[in-house]
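Data block below; observations after.
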Amino acid sequence: MKLIFEHSVAGRCATAQMPHRLNSLDDLPEHLLRRDEPLLPQVSELDVVRHYTQLSQRNFSIDTHFYPLGSCTMKYNPRACNSLAMLPGFLDRHPFAPAATGQGYLTSLYELQQILIEVTGMAAVSLAPMAGAQGEFAGVAMIRAWHDSRGDTARTEIIVPDAAHGTNPATAAMCGYTVREIPTDAQGNVDLDALKKVVGPQTAGLMLTNPSTLGVFEQQIQTIASMIHHAGGLLYYDGANLNAILGWVKPGDMGFDVIHINLHKTFATPHGGGGPGSGPVAVSERLVPFLPLPRVGGESGHYRMLDEHDCPRSIGRLSGNHGNGGVLLRAYIYARMLGGEGLRRVARYATLNANYLMARLQQAGFDLAFPKRRASHEFIVTLKRLKDQTGISAMDFAKRLLDYGFHAPTTYFPMLVPECLLIEPTETESKATLDAFVAAMIAIAQEAQAQPELVKTAPHTLPVRRLDDVRAAREPDLVWSVGRECAVR
Amino acid sequence: MKLIFEHSVAGRCATAQMPHRLNSLDDLPEHLLRRDEPLLPQVSELDVVRHYTQLSQRNFSIDTHFYPLGSCTMKYNPRACNSLAMLPGFLDRHPFAPAATGQGYLTSLYELQQILIEVTGMAAVSLAPMAGAQGEFAGVAMIRAWHDSRGDTARTEIIVPDAAHGTNPATAAMCGYTVREIPTDAQGNVDLDALKKVVGPQTAGLMLTNPSTLGVFEQQIQTIASMIHHAGGLLYYDGANLNAILGWVKPGDMGFDVIHINLHKTFATPHGGGGPGSGPVAVSERLVPFLPLPRVGGESGHYRMLDEHDCPRSIGRLSGNHGNGGVLLRAYIYARMLGGEGLRRVARYATLNANYLMARLQQAGFDLAFPKRRASHEFIVTLKRLKDQTGISAMDFAKRLLDYGFHAPTTYFPMLVPECLLIEPTETESKATLDAFVAAMIAIAQEAQAQPELVKTAPHTLPVRRLDDVRAAREPDLVWSVGRECAVR
Amino acid sequence: MPFIPHTPAEVAAMLEIIGAPDLDALFDEIPADLIGPPDAALPVALNEMEITRLMHDRVAQDGRWLNFIGAGGYEHHIPAAVWQIVTRGEYYSAYTPYQAEASQGSLQLIYEYQTMMASLTGLDVSNASLYDGASALAEAVLMAVRAHKISTRVLIPKTVSPIYRATVKTIVAHQGIEVVELPYDPVTGTTPVPQDEDVFAALVIPQPNFFGQLEDVDGLTDWAHARGAKVIALVNPMTLGVLKPPGQWGAKDVSGAPGGADIATGEGQPLGAPLSSGGPWYGFLTCRTALVRQMPGRLVGRTRDADGNAGYTLTLQAREQHIRRAKATSNICSNQGLVIAASTVFMSLLGPEGLRRVASICHANTRALTAALSALPGVCQLFSGSSFHESVVQLDRPVAQVLQGLMQAGILGGYDLSQDYPELGHALLLCATETKTAADLTRYTEQLAGILSMEQTA
Amino acid sequence: MPFIPHTPAEVAAMLEIIGAPDLDALFDEIPADLIGPPDAALPVALNEMEITRLMHDRVAQDGRWLNFIGAGGYEHHIPAAVWQIVTRGEYYSAYTPYQAEASQGSLQLIYEYQTMMASLTGLDVSNASLYDGASALAEAVLMAVRAHKISTRVLIPKTVSPIYRATVKTIVAHQGIEVVELPYDPVTGTTPVPQDEDVFAALVIPQPNFFGQLEDVDGLTDWAHARGAKVIALVNPMTLGVLKPPGQWGAKDVSGAPGGADIATGEGQPLGAPLSSGGPWYGFLTCRTALVRQMPGRLVGRTRDADGNAGYTLTLQAREQHIRRAKATSNICSNQGLVIAASTVFMSLLGPEGLRRVASICHANTRALTAALSALPGVCQLFSGSSFHESVVQLDRPVAQVLQGLMQAGILGGYDLSQDYPELGHALLLCATETKTAADLTRYTEQLAGILSMEQTA
Ligand SMILES: Cc1ncc(COP(=O)(O)O)c(C=O)c1O
Ligand SMILES: Cc1ncc(COP(=O)(O)O)c(C=O)c1O
């Protein structure tokens with residue numbers, strides 16, 4: 001498809017969006033003004049609407065396709081959350097408008113805080129982090145602040161299992177820690193012996209996802225927690241998989257000291273083609289003073305944002321305001337629509353769907369990474385055997401799924417399982433959809449034997465055929481400029 | 001694609017949309033209650049969102065495609081008109097809520113009335129008719145009421161040119177008139193001699209579209225008007241083509257007594273897959289008392305709906321309320337965004353686009369129905385020569401255009417031009433789009449010679465291939481029932 | 001130039017191709033004396049920012065109200081998904097699906113709509129909508145008369161909305177049809193089986209009727225059928241989740257054919273259209289298969305494509321004005337497509353159980369409110385018998401005055417019947433749908449109590 | 001079960017396939033003592049109708065205000081098309097385009113966004129967004145330090161928003177970076193070229209600065225470059241329609257390479273994100289090609305498919321956490337995708353001329369308001385020199401008290417600087433964007449005059 005720039009015609013504009021006049025700027029020094037014209041398209045409103053409407057149709061999305069992207073919890077994003085969070089009054093409010101003009105808004109945030117505290121079993125929460133990774137940052141920074149506050153400054157390491165999401169080690173590094181990676185055992189649990197070897201006085205803490213990104217529940221969590229605590233470290237819970245245990249197991253009860261929650265996963269806020277997310281961070285009692293700012297405090301009718309004066313020991317601010325407000329509203333609305341019972345049901349049915357899909361695929365002859373384990377809300381199929389037999393990789397398989405009208409599962413993550421597909425159906429998909437997905441998987445497995453080229457060169461029915469990633473990285477073409485039109489399809 | 005019913009599973013529901021309980025109805029007599037269950041789908045909210053989102057992608061629309069459907073004025077529907085007309089306060093207002101609670105709304109309608117009066121050159125308007133055809137009904141009923149009011153009850157005929165839209169004769173018949181059809185001359189004008197022959201004391205009036213549906217301006221309009229008026233008849237203006245002369249020629253100045261305006265054409269309100277439209281009817285002074293109810297009257301700050309007490313001679317009501325309010329708001333917003341100058345520009349550029357496209361197609365070898373005439377905002381290509389040569393019909397050609405990503409022009413209307421395509425580009429399309437359309441027309445003309453089968457069996461790239469209309473009419477399958485699943489694509 | 005993309009350079013290039021010296025030349029076939037100067041009386045253009053501010057101001061001016069008015073338009077919750085989906089450009093900005101292959105989205109949706117409406121009303125086929133409930137009733141009357149062939153007399157009870165009756169009269173006025181109004185029983189507020197012995201083409205039966213009362217639909221249907229007339233059911237589709245569908249009214253007929261109304265029609269608004277000051281709503285129309293060729297409006301049929309796959313297309317167009325012209329079943333062309341799209345999504349989201357529950361709560365809420373109000377001194381329920389989700393109470397003073405008082409408290413208290421039915425005295429028609437909470441009902445009751453406890457002003 | 005489609009029959013069939021006796025069995029690997037009972041403290045479920053009413057009530061509670069606060073978030077008109085398009089399910093409910101072939105919509109859009117932002121800032125490449133302006137500034141600082149390799153000292157003027165400075169400190173705290181704050185000239189409210197002679201990695205230059213004043217960007221850029229440091233431009237992208245883009249700041253460098261800032265960053269909100277109490281907004285980040293491998297965040301590149309057609313894909317992922325883990329350029333993963341989609345549509349609708357006009361009117365409005373207010377007794381403009389679309393006025397009494405008075409009149413009068421900059425006295429930062437009419441400015445002026453004419457309360 002053409003780029004919006006290729007629709008541009010000098011002098012054209014979307015007139016209804018134009019202020020009537022250009023005001024003089026001649027009170028400003030000439031040398032501070034722009035001389036050239038930025039490369040923005042000069043198009044009509046219809047050009048814009050048509051271009052971006054057509055473009056949208058070149059996306060798979062939850063609203064159009066089953067999207068079993070493991071670790072991402074692509075559940076249905078209720079439409080009411082969108083329309084209510086976008087009521088004009090919510091949209092128009094300035095972040096620095098006085099609290100008195102925002103009691104409706106702040107009440108919602110305050111109640112969201114209470115709900116998150118409740119489901120995590122923690123003592124307090126800050127809604128400030130703008131995604132999971134920023135929640136992790138806040139969490140590890142609090143771990144550091146806590147050790148520092150006790151004069152315990154010799155702790156230099158954060159322990160991270162090899163199955164962890166890349167944000168965990170990256171975050172630890174941003175917080176100035178050295179990362180100690182530990183292996184996973186054959187059942188997908190943390191290798192306790194290996195853990196024992198790395199825990200020590202240098203341990204600041206451990207970051208863990210539970211259920212892990214391997215799709216299994218870490219059964220020795222209580223042992224692990226006491227090992228770490230015993231060594232003087234703290235436990236960080238990566239809440240990306242909270243959907244699996246929501247309302248059943250509270251991270252606080254497992255012994256975690258800090259947790260972030262991906263509202264864009266467990267609380268059904270939209271993923272928006274990459275974001276915005278929201279990663280509130282909740283803590284046990286001892287870390288409360290360090291929570292990032294701002295938080296909503298006060299009492300009914302007089303809520304306000306707490307700041308440095310209220311919380312002098314806070315690790316500080318993570319953003320110019322207080323996180324992704326509109327996302328928080330959506331999460332709040334979702335939580336209220338589910339209620340306590342509904343939140344608990346989420347984990348139950350997410351787990352049911354994952355175990356059902358896993359059983360069906362196993363019965364159909366697919367290899368599971370952990371065949372002896374229950375699936376949590378997701379599970380891993382490994383295509384290593386197929387790869388060895390036919391040369392067809394997990395990526396080929398994934399691309400062929402697109403032809404069948406299914407978004408592919410997460411591929412090649414976690415890295416420790418070869419040729420893996422991490423499959424997370426979520427609770428909002430029906431049995432019929434899961435069955436159709438199984439049928440596609442079986443059909444592709446048959447194609448892999450009968451017509452391997454078909455699979456290796458997939459996809460065949462999408463707006464583009466297989467894209468050349470190597471070329472993209474070798475000859476980066478990151479911005480367009482006039483004269484760089486290229487083959488259009 | 002599956003039908004929504006085929007996603008249904010007994011016992012499933014979109015729970016968030018459910019009231020919490022079923023209240024007892026046992027105070028109602030048993031025999032008045034329903035025993036069976038209606039065939040509504042039992043599906044989840046995600047099922048619904050996904051189904052209707054996917055389904056939407058199987059439509060061409062202005063927002064996705066050039067849509068040069070002659071006589072329909074498929075111009076860009078500004079998105080602001082939609083969002084502003086759908087502000088919660090507008091949506092929530094009950095039609096019988098007192099006028100005091102609707103001054104914001106009524107002011108908008110009143111001002112719309114003023115704008116329509118101004119651009120039509122008439123004395124007053126009623127916004128009540130809910131589409132063009134209902135406007136026609138109101139108009140012809142007023143013609144009748146006027147004759148009746150003068151005791152002139154022997155007039156039994158309405159004259160309609162053969163090029164007229166089917167709603168004109170159908171409306172005349174609904175108003176109890178006999179339709180006298182008159183032919184068109186070689187230049188697309190009304191055949192004056194023929195007209196002379198049918199005008200007489202039995203003539204109640206004449207219905208005319210000007211520019212006509214042949215895409216040309218009726219040049220003898222003043223002569224025609226005086227002929228009809230002389231015979232004691234009145235002139236009805238079918239405003240479906242008002243877009244062509246908006247702000248330049250007022251129907252009132254041409255001598256018309258009544259006019260309807262298709263707001264869903266000239267005033268850019270959405271066509272919505274078939275409607276809703278809106279067909280306000282405007283009249284000259286003598287017909288004002290007969291206008292349909294209600295109308296907005298009163299004065300600033302005290303607007304209200306006029307009723308039978310205010311207008312005892314009205315032809316009456318056409319609907320349970322006062323027409324398609326939300327459509328009226330959209331039209332009002334559009335008119336205000338254009339302003340007087342902008343409305344005048346509409347006709348100028350609609351005409352430019354039509355004449356340009358006509359010239360390009362003529363230069364490319366296509367036959368015009370009226371090669372010696374200016375196009376108004378639309379024009380006719382006739383493919384008779386091609387049909388004679390190759391057997392390829394206007395319908396085949398139209399279907400092949402779909403493959404090129406263009407909605408087809410109107411086909412086989414007006415009926416008097418064989419193998420016709422009635423092409424209306426509208427003012428909101430750019431030269432680039434028109435050029436691309438010409439290129440497709442040329443390409444298809446070449447295919448018609450080189451690969452006629454390709455054209456005859458088009459379309460080839462749409463969700464379905466050519467549909468069997470004959471079967472649809474011979475074996476009507478108008479509703480689905482369980483067990484009637486059929487081949488899915 | 002708002003919404004016009006042309007640049008001066010393009011205009012010049014286009015004129016060159018046309019061979020016209022300037023833009024004015026394009027109007028050179030129009031008699032010069034007809035062309036007027038720019039119209040100074042029209043307002044100047046507002047950009048989108050300005051009109052946005054204006055419309056926000058206007059809507060703010062109109063306020064927020066607690067509404068208990070029904071009388072033909074009903075406040076129901078509309079799921080957010082409904083209008084988010086149907087205002088997608090692909091639905092919103094498409095037109096009538098004349099090119100079927102490029103309109104499978106709209107067409108399949110209409111086919112689904114037809115199926116739902118036919119089933120809801122218990123009849124065989126549905127069209128793709130008419131303008132609104134009142135005008136659809138008029139079309140149903142015309143259709144029944146065409147089908148009956150002999151009589152042009154149509155009986156319409158006074159328990160049909162006055163505005164509907166007025167609309168019918170306007171629309172059928174010129175086709176020699178005689179509309180006879182049937183009286184109602186002042187005790188039950190329903191239509192007794194008529195004494196009328198003349199031949200007639202059709203009887204209209206409203207259910208629930210304008211007073212919210214439930215008519216004896218079986219008795220009326222059988223009576224009409226026994227006289228060879230058609231029965232036109234005028235129904236609120238929301239109530240059909242729980243009320244007997246028109247297709248099942250009355251006894252099965254002697255020939256073994258199903259009994260029931262021949263035609264069902266009504267206002268579709270309760271199924272997903274916002275009140276929106278009265279529109280756009282839509283009229284639905286369903287009937288027995290035997291009557292389909294008399295039906296006005298568009299129909300979508302399922303057929304097959306060249307590969308044998310299912311597809312959808314407009315069909316039986318020979319009834320319609322663009323083919324049939326003066327002999328068409330109606331002049332209707334544009335209908336209410338987008339609103340029925342909303343209804344289809346709405347019905348899919350509610351399903352049979354949702355519809356049932358909503359209807360049942362509307363009934364319960366109105367009953368509870370009526371009971372609470374009737375317990376106040378100066379208020380009594382007017383009719384005996386069963387009502388559905390509207391009811392009539394009689395007050396001890398003019399309704400207009402009481403409504404004025406309620407407005408001070410932010411309440412729109414109902415519809416004043418005294419203009420249309422002066423014989424009923426100070427009669428107020430009220431409606432409490434599922435959108436009303438117990439607190440809302442209490443608020444109404446308390447405010448009314450307060451007003452009625454005041455001395456009556458002259 | 002809200003949003004869960006399962007029927008009891010399906011659950012039974014699924015358990016059968018799994019071979020589990022009941023749903024609880026699926027949790028049998030979790031230590032039993034960890035599983036808690038249902039949580040009674042959580043509220044019960046509201047259906048959509050109930051939550052709709054609740055949120056409408058809440059938003060009504062917060063009122064409508066005439067807003068003159070800027071200070072990092074700016075009220076601009078957002079065309080209706082923008083959010084209608086980006087909340088289409090295909091954008092709204094997709095995730096990061098990991099499967100490129102199934103995500104060409106999002107990917108091409110991001111490529112277009114990158115092009116627009118690079119051009120707007122006058123630099124070579126743009127990433128696909130960071131969380132917000134403040135955190136993006138922190139990432140830019142880290143990036144500059146990585147690129148500089150030698151020094152870890154970074155200079156940040158006090159004319160950068162206090163909250164941005166606080167955010168930078170939080171985020172860079174653990175990487176041994178020394179943040180030095182530069183003073184401002186109390187007369188001009190801008191940053192003089194520093195005297196500092198130590199080595200440093202980067203200088204941050206805000207334009208316009210937090211006071212709305214225009215910095216001497218050329219002088220500062222040249223000074224930093226002469227000392228081998230990187231320049232980080234912190235800019236409001238809306239102003240770049242008329243202000244010199246960072247890529248052109250300062251002299252061309254001796255080697256003939258272009259001069260200009262090395263990195264540009266800032267808050268993208270003014271380009272199409274609603275104020276929305278502060279989020280979701282987004283941080284943009286652009287830089288010279290040479291720095292791209294130090295850049296945090298996602299990048300989309302154009303490439304070819306198997307047929308040689310153009311297509312788009314995430315690229316240079318070796319910088320990112322999911323590949324690079326502890327050595328990544330940043331831990332960022334989810335970004336603000338939907339908001340940049342809105343920005344892309346917004347910029348397309350405005351185009352260069354629209355952006356220019358909006359910026360110019362913001363400037364004119366703020367100038368006009370400042371002039372009108374400064375003409376009142378007790379008010380004066382605080383800084384000389386040029387300001388853009390915010391300005392600082394000094395009042396004769398505490399700002400908080402005056403703002404309170406304005407609120408009585410429905411006006412949010414600006415941002416009180418006295419907490420962050422006590423040295424400025426009763427200083428008020430105000431902003432009048434293109435959304436304000438002449439009448440609005442007059443209303444503000446008159447209200448303020450009224451308040452100031454009153455005796456000062458203790
Ligand atoms: C296990 C895990 N941890 C952390 C993250 C990071 O969360 P975010 O993308 O919200 O920053 C993700 C996101 O995909 C994840 O799957
Ligand atoms: C020339 C003409 N007249 C009348 C009509 C009828 O208008 P409506 O469809 O709004 O009833 C049309 C609609 O297409 C038309 O093109």
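Labels below follow one simple rule: chain letters A, B, ... track the order of the sequence lines, proteins then strands, and each chain is numbered from 1.
In terms of heavy-atom pairs under 4.5 angstrom with chain D, the leader among A:D469, A:V216, A:N321, A:L467 is A:L467. Per-residue heavy-atom pair counts under 4.5 Å with chain D were compared for A:G166, A:G274, A:G326, and the maximum is reached by A:G274. Ranked by heavy-atom pairs under 4.5 Å with chain A, the first of D:A94, D:G337, D:G89 is D:A94. Top candidate by heavy-atom pairs under 4.5 Å with chain A, chosen from D:I163, D:N47, D:L350, is D:I163. Comparing A:V119, A:D92, A:L39, A:T101 by heavy-atom pairs within less than 4.5 Å of chain D, the highest count is held by A:T101. Listed options A:R35, A:Q57, A:E429 were ranked by heavy-atom pairs under 4.5 angstrom with chain D; first place goes to A:E429. For the set D:T87, D:L42, D:L109, D:L275, the count of heavy-atom pairs under 4.5 angstrom toward chain A peaks at D:L275. Between chain A and the options D:M116, D:Q108, D:Q114, the largest number of non-hydrogen pairs under 4.5 Å is found for D:Q108. Heavy-atom pairs under 4.5 Å with chain A were tallied for D:E267, D:H77, D:Q248; the largest tally goes to D:Q248. Interface remark: of the candidates A:H322, A:E341, A:R360, A:H65, A:H322 forms the most heavy-atom pairs closer than 4.5 Å to chain D. Contact count versus chain D (heavy atoms, under 4.5 Å) is highest, among A:M337, A:M86, A:E427, for A:M337.
Only the side chain of A:P459 comes within less than 4.5 Å of a heavy atom of chain D; its backbone N, CA, C and O stay farther away. In this structure, chain A has heavy atoms under 4.5 Å from both the backbone and the side chain of D:E29. Of the atoms belonging to A:L478, heavy atoms from both backbone and side chain fall under 4.5 Å from chain D. With a 4.5 Å cut-off on non-hydrogen atoms, D:V300 touches chain A through its backbone but not through its side chain. For a residue to count as touching a neighbouring chain, one of its non-hydrogen atoms must lie under 4.5 Å from one of that chain's; by this rule A:R12 does not touch chain D. Only the side chain of A:V179 comes within less than 4.5 Å of a heavy atom in chain D; its backbone stays farther off. Contact annotation for A:T64: only side-chain heavy atoms (C-beta onward) come within less than 4.5 Å of a heavy atom of chain D. For a residue to count as touching a neighbouring chain, one of its non-hydrogen atoms must lie under 4.5 Å from one of that chain's; by this rule D:R298 touches chain A with the side chain only. Contact annotation for A:A172: neither backbone nor side-chain heavy atoms come within less than 4.5 Å of a heavy atom of chain D.
Residue D:Y95 holds its OH atom at 8.5 Å from CG of A:L69, rounded to the nearest 0.5 Å. Within the model, atoms CG of A:L40 and OG of D:S119 stand 6.0 Å from one another, a figure rounded to the nearest 0.5 Å. In this structure, CG in A:L22 is found 6.0 Å from CD in D:E353, a value given to the nearest 0.5 Å. For the atom pair CZ of D:F3 and OH of A:Y76, the computed distance is 6.5 Å after rounding to the nearest 0.5 Å. Rounding to the nearest 0.5 angstrom, the gap separating the OG1 atom in D:T313 from the CZ atom in A:R466 is 11.5 Å.
Ring centroid separation for the pair D:H322 and A:F413 does not come in under the 6.0 Å cut-off. Taking the six-membered ring for Trp, A:W480 and D:Y111 have ring centres at least 6.0 Å apart.
The shortest non-hydrogen separation linking A:G104 to D:R58 is O-CD, 3.2 Å. The shortest non-hydrogen separation linking D:S348 to A:V43 is O-CG2, 3.4 Å. Of all the heavy atoms in D:Y91 and A:L55, the pair that sits closest is OH-CB, 3.4 Å. The heavy-atom pair separating D:P38 from A:R344 by the smallest distance is N-NH1, 3.5 Å. Shown here for A:P463 and D:E101, the closest heavy-atom pair between the two residues is CD-O, 4.0 Å. Scanning all heavy atoms of the two residues, the minimum distance from D:H56 to A:L87 falls at CE1-CD2, 3.7 Å.
Side chains of A:D477 and D:T303 form no contact here, defined as non-hydrogen atoms less than 4.5 Å apart. In this structure the side chain of A:R374 reaches within 4.5 angstrom of the side chain of D:I18, judged on heavy atoms. Inter-residue side-chain proximity for D:K244 and A:L32 is flagged as unmet; no heavy-atom pair is nearer than 4.5 Å. Side-chain contact check for D:Q321 versus A:H165: some heavy-atom pair is nearer than 4.5 Å. Counting heavy atoms from C-beta on, the side chains of D:L54 and A:I333 never come closer than 4.5 Å. Residues D:H363 and A:L25 have side chains in contact (heavy-atom distance under 4.5 Å, counting atoms from C-beta outward). No side-chain heavy atom of D:P31 sits under 4.5 Å from any side-chain heavy atom of A:M254. Taking the side chain as every heavy atom from C-beta outward, A:Y349 and D:V11 approach each other to under 4.5 Å.
A:R34 places a side-chain N or O within 3.5 Å of a backbone atom of D:L120 that can act as its donor or acceptor partner. Under the 3.5 Å distance criterion, the side-chain polar atoms of A:S56 are left unmatched by any main-chain donor or acceptor of D:E90. No donor-acceptor pair closer than 3.5 Å links the side chain of D:H174 to the backbone N or O of A:M174. Looking only at distances, no side-chain donor or acceptor of A:H51 sits under 3.5 Å from a matching main-chain atom of D:V345. The closest donor-acceptor contact from the side chain of A:Y52 to the backbone of D:G105 lies at 3.5 Å or more, if one exists at all. The backbone N or O of A:S61 lies less than 3.5 Å from no partner atom in the side chain of D:S93, so there is not a single donor-acceptor pair. In this structure a side-chain-to-backbone donor-acceptor pair under 3.5 Å is missing from D:E10 to A:K431. A donor-acceptor pair is defined here as one N or O able to donate and one able to accept, closer than 3.5 Å; such a pair exists between the side chain of D:D62 and the backbone of A:Y105. Panel note: side chain A:T351, backbone D:L26; no donor-acceptor pair is recorded below 3.5 Å. Counting only distance, with no hydrogens or angles, the side chain of D:S360 and the backbone of A:N23 share a donor-acceptor pair below 3.5 Å.
Between the side chains of D:N331 and A:Q134, no donor N or O sits under 3.5 Å from an acceptor N or O. With hydrogens and angles left out, the side-chain atoms of D:S106 and A:N59 include a donor and acceptor closer than 3.5 Å. Judged by distance alone, the side chains of A:R317 and D:T170 never bring a donor and an acceptor atom under 3.5 Å apart. With 3.5 Å as the limit, one finds no donor-acceptor pair spanning the side chains of D:Y131 and A:N324.
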**Item:** Steps toward salt bridge (Lys or Arg N to Asp or Glu O under 4.0 Å) verdict (A:R465, D:D307)
**Value:** CA-CA 7 Å; A:R465 301 214 25 226; D:D307 292 341; 2.7 Å; yes

**Message:** Could you go through D:D39 and A:K250, starting from their C-alpha distance and side-chain angles, then the distance that decides it, and tell me whether this counts as salt bridge (Lys or Arg N to Asp or Glu O under 4.0 Å)?
**Reply:** CA-CA 11 Å; D:D39 202 323; A:K250 298 185 180 186; 2.8 Å; yes

**Request:** Dump the intermediate steps for side chain to side chain contact (heavy atoms under 4.5 Å, CB included) on D:S334 and A:H264, then the final yes or no.
**Result:** CA-CA 9 Å; D:S334 289; A:H264 49 299; 3.4 Å; yes

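Residue-environment remark: CD (A:Q219) exceeds the threshold of 12 foreign heavy atoms within 6.0 Å.
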